[in-house]
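Beneath this line is the structure, given in structure tokens, with notes to follow.
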Amino acid sequence: MTKYSNYRPSTSGTQSREEREKIHPVWRGIGWVLIFIFPVMGWFGAVWLLGENTRQGWVNISANVLAKGADPLLYVKIALALVMIFILFFLFQLISFFVLRLFGPERYGPMDIPRVSWKGRRRSR
């Protein structure tokens with residue numbers, strides 16, 4: 001903001017703050033889909049990994065973590081599904097960060113000043 005002019009928002013005051021901050025319904029729909037897709041993908045990924053583990057013999061599963069009942073690997077599947085959900089979320093966020101960095105808005109707006117590159121010595125008092 002300059003010294004002798006007033007700050008005016010880019011929307012020229014036609015929209016209220018609530019209207020400008022309102023999230024587009026498409027992004028809400030994508031969020032709801034991801035809420036349901038990530039756990040399903042995590043569960044099927046955990047089941048697939050446990051199937052490959054029984055064929056390949058990567059990790060021995062202790063008898064202490066086996067559940068009593070119809071599915072003895074239930075606790076292992078739940079824990080592995082949670083890990084898979086976090087991995088999927090991390091990968092999705094990583095891809096989102098790269099796409100936003102490539103196609104997103106500029107880092108500095110018209111009201112920002114660039115950083116000062118100071119190369120002086122640091123002095124202690």
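No experiment lies behind these values; they were computed from the predicted model shown. Count residues from 1 along the sequence.
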Separation of [Y] [atom2] from [X] [atom1] (nearest 0.5 Å):
{"X": "Leu74", "Y": "Lys68", "atom1": "CG", "atom2": "NZ", "value": "14.0 Å"}
{"X": "Leu91", "Y": "Gln93", "atom1": "CG", "atom2": "CD", "value": "10.5 Å"}
{"X": "Trp43", "Y": "Ile78", "atom1": "CH2", "atom2": "CD1", "value": "5.5 Å"}

Between Glu52 and Trp58, is a side chain to side chain contact (heavy atoms under 4.5 Å, CB included) present by the stated rule, with each step listed? CA-CA 8 Å; Glu52 287 296 314; Trp58 294 323; 3.6 Å; yes
Output all residues satisfying side-chain contact (heavy atoms from CB on, under 4.5 Å) with Ile61, sequence neighbours left out; order by chain, then residue number.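 Testing Ile61 for side-chain contact (heavy atoms from CB on, under 4.5 Å), a comparison that skips the adjacent residues, returns Leu50, Asn53, Val65, Leu66, Leu73, Val76.
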For Phe92, which residues count as a side-chain contact (heavy atoms from CB on, under 4.5 Å) partner, sequence neighbours excluded?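 Listed in chain order: Leu34, Phe38, Ser96.
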Is it the case that one hydrophobic cluster holds both [X] and [Y], taking links as side-chain heavy atoms less than 4.5 Å apart, direct or via other members?
{"X": "Leu49", "Y": "Val59", "result": "yes"}
{"X": "Phe97", "Y": "Phe103", "result": "no"}
{"X": "Phe86", "Y": "Ile37", "result": "no"}
{"X": "Ile95", "Y": "Leu102", "result": "yes"}

Nearest non-hydrogen partners of Ala46 and Lys77, listed with the distance: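 Looking at all heavy atoms of both residues, the shortest contact is CB-O, 3.7 Å.
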Nearest heavy-atom neighbours spanning Tyr75 and Ala67: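 Smallest heavy-atom distance, with atoms named: CE1-CB, 3.6 Å.
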Is Trp32 isolated, or which residues cluster with it under the ILVMFWY side-chain rule of less than 4.5 Å, directly or via members?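 Members besides Trp32, by chain and number: Ile35, Phe36.
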Would you say that more than 12 heavy atoms from the other residues, nucleotides or ligands in this model lie under 6.0 Å from the CZ of Arg28, or not?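 Check passes, neighbour count above 12.
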